[in-house]
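The structure appears right after this line, and notes come after that.
In what follows, chains carry the letters A, B, and so on, assigned in the order in which the sequence lines appear, proteins first and then strands, with residues in each chain numbered from 1.
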Number of protein chains: 2
Amino acid sequence: MTIYDIARIAGVSASTVSRVVNNKPGIKEETRKQILALLEQYDYSPNETARGLVNKASRMIGILIEDIRYAHHVDIAYYIEEEMGKHGYCSLILNTGLTDDKKVEAVKVLAQRRVDGVILVGSTFETEAVKRALDAGLSAVPVIMTNGYLNLPNVKGVLVDEREGVENCVELMRVKGHEKLAFVRPSHTKSSLSKEQGFVQGMERRGFKREELWIYECPTTLEDGYAMMERILEDHPDVEGVIFGEDLSAVSAIRALVDRNIKVPEQVAVIGVDNSKYCDICYPKLTSLNNRMVEMSLEAARILFDSLEGRENPDRIMLFSRIVEREST
Amino acid sequence: MTIYDIARIAGVSASTVSRVVNNKPGIKEETRKQILALLEQYDYSPNETARGLVNKASRMIGILIEDIRYAHHVDIAYYIEEEMGKHGYCSLILNTGLTDDKKVEAVKVLAQRRVDGVILVGSTFETEAVKRALDAGLSAVPVIMTNGYLNLPNVKGVLVDEREGVENCVELMRVKGHEKLAFVRPSHTKSSLSKEQGFVQGMERRGFKREELWIYECPTTLEDGYAMMERILEDHPDVEGVIFGEDLSAVSAIRALVDRNIKVPEQVAVIGVDNSKYCDICYPKLTSLNNRMVEMSLEAARILFDSLEGRENPDRIMLFSRIVEREST
DNA sequence: TTGTAGGCGTTATCAC
DNA sequence: GTGATAACGCCTACAA
């Protein structure tokens, strides 16, 4: 059922039908009524593909995510999808995995689909390869990155000061009487490095030397988190607190401690980052740095929509993290 | 950059360029080389929108989900997106919420976007309103429903025998020495009712009368799960086991028990359904009915792709659930 | 107030 | 091997 079909049935031209469909003025009320009725009767549904072609706008945005199964990622995708949906935009969500190859591939897919805008979730997209791909294929549409930034004219970033946040975690540990701390970095992304920097600066301020800090790296899985905690206990039986760069390995580390009858937080305190749902599920509940994922998503969606509508916004927006204290500190 | 632009530069016609782009035969090797080079040089990216218009295929599928933030839903979306992505399909993921209005609205959006196929995640879409909307707007494309079914010619279902699964949970409780059981239903969906039926039949087989069974209903949140457990303890201080229709409220219920110094599983055993990530995070770890979400997703994607390619498949496929025992039983 | 014609970027069908 | 030409479904000047 196309506007031509409806036009033929109504005995008018296709443009008249088009005008009615799009609520354009300058149509006799009687004609409008009649066509509206036919539209209804035949369940007419405008072909967005055809519209996209002529309007040069797909009314779709692309959301690139490393792996949507991570609790904080899915929240971001959810809020962005919902927010953009309100404005009539559909979201093409692509899981890119962590290699540059697949990220570049995903950018190309979005380019072919002619999305009107893009949101890159997380500083994992802050790489040269992604930058080049964006420059080549998506330089004409607004791109918003959460928790990171790329120096390209059409890219804006919504950032969180995780460095300062982790530094505050170190301070919280001190206040609670935990001196000897370890830090576990989840990966090598920009965000991860900021967190590590926060740890280093916090510890240096407390008189520790950079070289003697206990810093580890551990993939974001329950198994690895558990093993990580075992390893730390082995390396440093006198450890009094551990700060993890994300929640999942942290909750698993708590379990490792509980299994060894080490009291949390009395003997060893634990802090995570992301303030995800996991924090309330583990036992004891995990204190975590709220890096404002929800607000960041909503901001990203807002800025993207602003750009789509031609409104201006600063290149970077900074949000500030806050510690949510629970039972593990 | 369109094929016309490339054609002009190369001094050939647009059809020749089109043939090269689509790897069609019957092009002189030399011409092909030359055009390939230009395509590369100018970063040509075919406009999928235009292709969709002429091919009458968007190469997009729609995934309808009540709320992707639920751990088991996001897994499903992830696997379907990945699987269909391998075949060149993009996924339009829409969160519909639980009202019929918004579900119907989402179906219309997918219809307008002319998706080539649809996956409905969960029996929450097994309603008359959704059925009518599909019939009106998406009767020409394959629709696969996970964990449910709609009697429409273009709809296929991938189902899990949750009724039997929950009945087995009752049996497991018996084996472990837990007699007095309560059941908590998460909602009024078809799936929920099947689970309840499993509970009822399992208990009847053990000699309990239907009227005296302890059956409750509770929304899927941590807060409600905690309160639910408190309520059950109040109503039935002698309860020995609780089966929850999903994991999230179950893990929270475990915490309620731990907080009251009630030993899990010795005094009260707990079983959930979904076998989600939460099971391994709470303490003690939650025994849960694996309702095969991952396999179901992959099956759904496979069947959808088969339909898209014109291959036949049975209207319904049944998978069988299995209990994954952890520490709460 | 309505209709005609052209074009959006592709692909497919003929012809040459 | 290659090139016109006509769709695909819609929108929008411009004309009437």
Nearest-angstrom distance from the residue atom CD1 of B:Ile27 to P of D:dG1: 9 Å
Spacing of A:Arg59 atom CZ relative to D:dC11 atom P, expressed in whole Å: 12 Å
Any idea how B:Phe305 and B:His87 line up, ring-wise: parallel (<30°), tilted (30 to 60°), or perpendicular (>60°)? parallel
Less than 3.5 Å between a donor and an acceptor, one on the side chain of A:Ser15 and one on the base of C:dT4, is that the case here? yes
Indicate, with a heavy-atom threshold strictly under 4.0 Å, whether A:Thr31 touches base, sugar-phosphate, or nothing. sugar-phosphate
Would you mind reading off the distance between A:Lys56 atom NZ and D:dG9 atom C1', rounded to a whole angstrom? 16 Å
Start at the 5' end of DNA chain D and walk down; is the nucleotide closest to B:Glu29 or to A:Met1 reached first? B:Glu29
On the nucleotide D:dC10, are OP1 or OP2 found under 4.0 Å from the side-chain N or O atoms that A:Tyr44 carries? yes
Comparing nearest nucleotides in DNA chain D, the 5'-proximal residue of the pair A:Ser45, B:Val12 is B:Val12
Short side-chain N/O contact to C:dT11 OP1/OP2 from B:Asn22, under 4.0 Å: yes
Given D:dC11, C:dG9, C:dG3, identify the nucleotide with an atom nearest to the side chain of A:Ser13. C:dG3
Whether the side chain of B:Ser18 and the base of C:dA12 hold a donor-acceptor pair under 3.5 Å is what I'd like checked. no
Any sub-3.5 Å donor-acceptor pair from B:Asn147's side-chain atoms to B:Ser123's backbone N or O? no
Can you tell whether the side chains of A:Glu299 and A:Arg302 come within less than 4.0 Å, N to carboxylate O? yes
Please give, in whole Å, the distance from D:dA4 P to B:Tyr4 OH? 9 Å
When the distance from CD of A:Glu48 to C1' of D:dG9 is rounded to whole Å, what number comes out? 12 Å
Between C:dT10, C:dG9, D:dG3, which nucleotide gets closest to the side-chain atoms of B:Ile3? C:dT10
Within the structure provided, determine whether A:Leu138 and A:Val107 are in side-chain contact (heavy-atom separation under 4.5 Å). yes
For B:Val21, answer base if it contacts any base atom (sugar-phosphate contacts may also be present), sugar-phosphate if it contacts only those atoms, and nothing otherwise; contact means non-hydrogen atoms under 4.0 Å. nothing
Kindly say whether, by distance alone, the side chain of A:Arg19 makes a donor-acceptor pair under 3.5 Å with the base of C:dG3? yes
Please determine if a side-chain N or O atom of B:Thr2 lies less than 4.0 Å away from the OP1 or OP2 oxygen of C:dG9. no
Whole angstrom is fine here: how far is it from NZ in A:Lys28 over to P in C:dG3? 10 Å
Donor-acceptor pair (no angle test) under 3.5 Å: B:Arg32 side chain, D:dG1 base: no
Roughly, in whole Å, what's the span from CD1 in B:Ile35 to P in C:dT10? 14 Å
Whether A:Lys24 contacts C:dT1 is assessed here as follows: a side-chain N or O lying under 4.0 Å from the phosphate OP1 or OP2. Is that the case? no
Less than 3.5 Å apart, any donor N or O on the side chain of A:Thr124 or A:Lys103 sitting next to an acceptor on the other? yes
Partner of A:Val109 under side chain to side chain contact (heavy atoms under 4.5 Å, CB included), chosen from A:Thr96, A:Leu94, A:Leu92, A:Val115: A:Leu94
Can you check whether B:Arg51 has a side-chain N or O nearer than 4.0 Å to OP1 or OP2 of C:dT11? yes
Could you tell me how far apart B:Asn55 (CG) and D:dG9 (C1') are, to the nearest whole angstrom? 14 Å
